[in-house]
Amino acid sequence: MKKIHFYRTESGKCPIEEFLNSLDSKQAQKVTWVLQLIEDVDVIPVKYFKKLVNTDDIWEVRVQVGNNIYRLLGFCQGERLVILNHAFQKKTQKTPKKEIQIAETRKKDYLRRR
């Protein structure tokens with residue numbers, strides 16, 4: 001079982017909370033359901049949680065609500081802790097490099113300040 005934490009900037013802003021607040025209730029409910037699944041299930045289906053290749057150990061939480069596809073990016077610290085630090089609505093087949101770079105930069109910031 002995993003525990004999910006949300007990254008906060010040095011000034012205290014939380015990009016994941018801001019993203020969740022931008023969603024309508026149905027979308028936010030589905031994202032919350034997937035996050036709960038990740039915390040509760042020992043073997044998480046790749047459909048919901050997958051390591052991105054060619055990254056600095058960045059993982060993605062995968063959520064689909066109707067035709068809308070959302071990704072929450074972050075990293076694992078140890079075997080049980082997942083730190084989510086970036087989220088966006090996915091509109092292309094591949095995860096955009098720009099989005100991955102944001103997650104990698106925030107990971108470095110988190111580890112530097114820890």
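For clarity, every value in this text was computed on a predicted model and none was experimentally measured.
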Do Leu84 and Val82 come close enough that some side-chain heavy atom pair is under 4.5 Å? yes

In the single-linkage hydrophobic clustering (I, L, V, M, F, W, Y; side-chain heavy atoms under 4.5 Å), do Val65 and Leu20 co-cluster? yes

Review item, side-chain donor-acceptor pairs of residues 35-51, under 3.5 Å, at least two apart:
from, atom 1, to, atom 2, distance (Å)
Gln36, NE2, Asp40, OD1, 3.2
Gln36, NE2, Asp40, OD2, 3.1
Glu39, OE2, Ile4, N, 2.9
Asp42, OD1, Met1, N, 3.0
Lys51, NZ, Asp57, OD1, 2.9

Point to revise | Linked, directly or transitively: Ile16 and Ile102 (ILVMFWY side chains, under 4.5 Å) | key: no

message = If you count heavy atoms of other groups shown closer than 6.0 angstrom to NZ of Lys97, is the number above 12?
response = yes

### Message
Would you say Leu111 ends up clustered with Leu81 if hydrophobic residues are merged whenever their side chains have heavy atoms under 4.5 Å apart, either directly or through other cluster members?
### Response
yes

Residues 8-18 vs side chain to side chain donor-acceptor pair (under 3.5 Å), sequence neighbours excluded, gives Arg8-Glu17, Thr9-Ser11

Residue set satisfying side chain to side chain donor-acceptor pair (under 3.5 Å) with Glu99, at least two apart, ordered chain then number -> His86

Sequence neighbours excluded, the answer for salt bridge (Lys or Arg N to Asp or Glu O under 4.0 Å) partners of Lys107 is Asp56

CZ of Arg114: more than 12 outside heavy atoms within 6.0 angstrom?
no

Problem set entry | Neighbour count >12 (heavy atoms, 6.0 Å) for atom CG, Asn21 | yes

Phe6 meets the ring-ring contact (aromatic ring centres under 6.0 Å, His included) criterion, sequence neighbours left out, with none

- Is Lys30 reaching over with its side chain to a backbone N or O of Gln64, donor-acceptor style, under 3.5 angstrom? yes

Across all chains, not counting sequence neighbours, the side-chain contact (heavy atoms from CB on, under 4.5 Å) partners of Thr92 are Pro96

To the nearest 0.5 Å, atom CD1 of Ile58 lies from atom CG of Asn85 at 6.0 Å

Across all chains, not counting sequence neighbours, the salt bridge (Lys or Arg N to Asp or Glu O under 4.0 Å) partners of Arg113 are Asp109

The salt bridge (Lys or Arg N to Asp or Glu O under 4.0 Å) partners of Arg106 (sequence neighbours excluded) come to none

By salt bridge (Lys or Arg N to Asp or Glu O under 4.0 Å), Glu79 pairs with (sequence neighbours left out) none

Problem set entry | ILVMFWY network linking Val34 to Trp59, side-chain heavy atoms under 4.5 angstrom | yes

Between side-chain atoms of residues 66-77 and protein atoms elsewhere (two or more places apart, or another chain), which donor-acceptor pairs fall under 3.5 Å?
from, atom 1, to, atom 2, distance (Å)
Asn68, OD1, Gln89, NE2, 2.9
Tyr70, OH, Gln27, NE2, 2.7
Arg71, NE, Glu60, OE1, 3.3
Gln77, OE1, Tyr110, OH, 3.4

